[in-house]
Amino acid sequence: KGTTREQRALKYLKEHARQGDPDSVLETFDEFCRTQEWAMNAAEEKGDILDEIVRELQPTTCLELGTYCGYSAVRIARNLSPSARLITIEVNPDYAAVAREVVKLAGLQDKIEVINLDSADVIRELKNTYDVTKLDLVFLDHWKYLYIRDIKLIEEEKLLKKGSVVFADNVIIPGAPGYLEYIRGSKNYKSTFYSVHFEYMDDMKDGVEKSVYIGDE
Ligand SMILES: Cn1cnc(CNC(=O)c2cc(-c3ccc(F)cc3)cc(O)c2O)c1
Ligand SMILES: [Mg+2]
């Protein structure tokens, strides 16, 4: 075929979505995944919960681990206030390249920074190199076994404050058992589980976990 699924998705978005319109990009991406090829986007149901969190929290500084093609980055950033920012980290260079194009197509390149590095290396540099003081929202959607490593790093770097929200995708499929045990057992978080459909599969159940940081600053 020569092209990857992610490149085919980008081509479809460029041909069918309205330039500079994030809602159109998301709707078109969902249509592509329902009619042409499935992709591991946070999709409608998980996306609606993410929208609710962003609208209520009105975060200034957001961090996403696992950009993939940028669907959830666009979903988050379209609801951010003018001065708010999203840093999204994708270790796979091919995905990061597609994500940058999707972000541009949505007209959100001034609010979203896509970083093609390993998440742990960036988290250690957020304060010194990326001018971050605190994270208001963290979205975990990268390799599931890395959720626990990275949340511990984020705590170590003292990047959370009272009220910060950590939102984790896929806690059922593929699952993140170590992370769930850790976050639910920690006195520093108040966690809520949401049973949702797995992206674009109306007959499969997944889960997302929203954890509010209540620990020491
Ligand atoms: C390759 N890669 C680069 N980044 C990542 C991190 N994301 C995931 O692993 C991920 C996987 C699935 C999933 C895929 C196939 C399947 F049969 C069941 C579940 C769904 C998601 O929502 C995900 O976020 C993977
Ligand atoms: Mg996911």
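Quick caveat, the model's predicted, so the values are computed rather than measured. Scope of the values below: all heavy atoms of this structure, side chains included, with no hydrogens, waters or symmetry mates. Atoms within a ligand are numbered from 1 in the order they appear, just like the ligands themselves.
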- Please round to the nearest 0.5 Å and tell me the distance separating atom CG of Leu65 and atom OH of Tyr147. 9.0 Å
- Query: Is it the side chain (CB and beyond), the backbone, both or neither of Asp169 that lies under 4.0 Å from ligand 1, heavy atoms counted?
  - Reply: side chain
- Near the Mg ion (ligand 2), is there an N/O/S atom from Ser72 that is less than 2.8 Å away? no
- Message: If you take the nearest heavy atom of each of Lys144, Met204, Met201, which one is closest to atom 8 (C) of ligand 1?
- Response: Lys144
- Query: With no hydrogens and no angle check, is any side-chain donor or acceptor of Thr4 less than 3.5 Å from a backbone partner on Gln7?
  - Reply: yes
- Note the single closest protein heavy atom to atom 25 (C) of ligand 1, along with its residue, its atom name and the distance in Å. Met40 CE, 3.5 Å
- Query: Counting both backbone and side chain atoms, is some N or O of Glu199 under 3.5 Å from an N or O of ligand 1?
  - Reply: yes
- Task: Measure Asn170 to ligand 1 on non-hydrogen atoms and call it side chain, backbone, both or neither using the 4.0 Å cut-off.
- Result: side chain
- Query: Do NZ/NE/NH1/NH2 and the carboxylate oxygens of Glu44 and Arg34 come within less than 4.0 Å?
  - Reply: yes
- Query: Backbone N or O of Asn41 within a donor-acceptor pair of the Lys46 side chain at under 3.5 Å?
  - Reply: no
- Message: Can a donor-acceptor pair be found, under 3.5 Å and without considering hydrogens, that links the side chain of Glu45 to the backbone of His197?
- Response: yes
- side-chain contact (heavy atoms from CB on, under 4.5 Å) assessment of Asn92 paired with Tyr68: CA-CA 8 Å; Asn92 180 308; Tyr68 188 42; over 6 Å; no
- 4.0 Å protein heavy-atom contact status of atom 17 (F) of ligand 1, strictly under: no
- Query: Any ion pair linking Arg149 and Asp118 (charged N to carboxylate O, less than 4.0 Å)?
  - Reply: yes
- Note on the structure: In Asp169, the N/O/S atom nearest the Mg ion (ligand 2) carries the name OD2
- Query: Which is the closest N/O/S atom of Asp141 when seen from the Mg ion (ligand 2)?
  - Reply: OD1
- Query: Short list, please: which atoms of ligand 1 are under 4.0 Å from a heavy atom of Ile173?
  - Reply: 18 (C), 19 (C)
- Message: My understanding is that we take every heavy atom of each candidate and find the minimum distance to atom 19 (C) of ligand 1. Doing that for Trp38, Tyr68, Phe198, which one comes out nearest?
- Response: Phe198
- Task: Check if Gly66 has a non-hydrogen atom at a distance under 4.0 Å from any atom of ligand 1.
- Result: no
- Message: Determine whether a donor-acceptor pair (N or O, by modelled atom type, separation under 3.5 Å) exists between the side chain of Lys144 and the backbone of His142.
- Response: yes
- Message: Any donor-acceptor pair under 3.5 Å linking the side-chain atoms of Arg8 with those of Tyr12?
- Response: no
- Among all protein non-hydrogen atoms, which one is nearest to atom 3 (C) of ligand 1, and what is the separation to 0.1 Å? Tyr95 CE1, 3.4 Å
- Query: Under 3.5 Å, N or O to N or O, is Asp141 touching ligand 1 that way?
  - Reply: yes
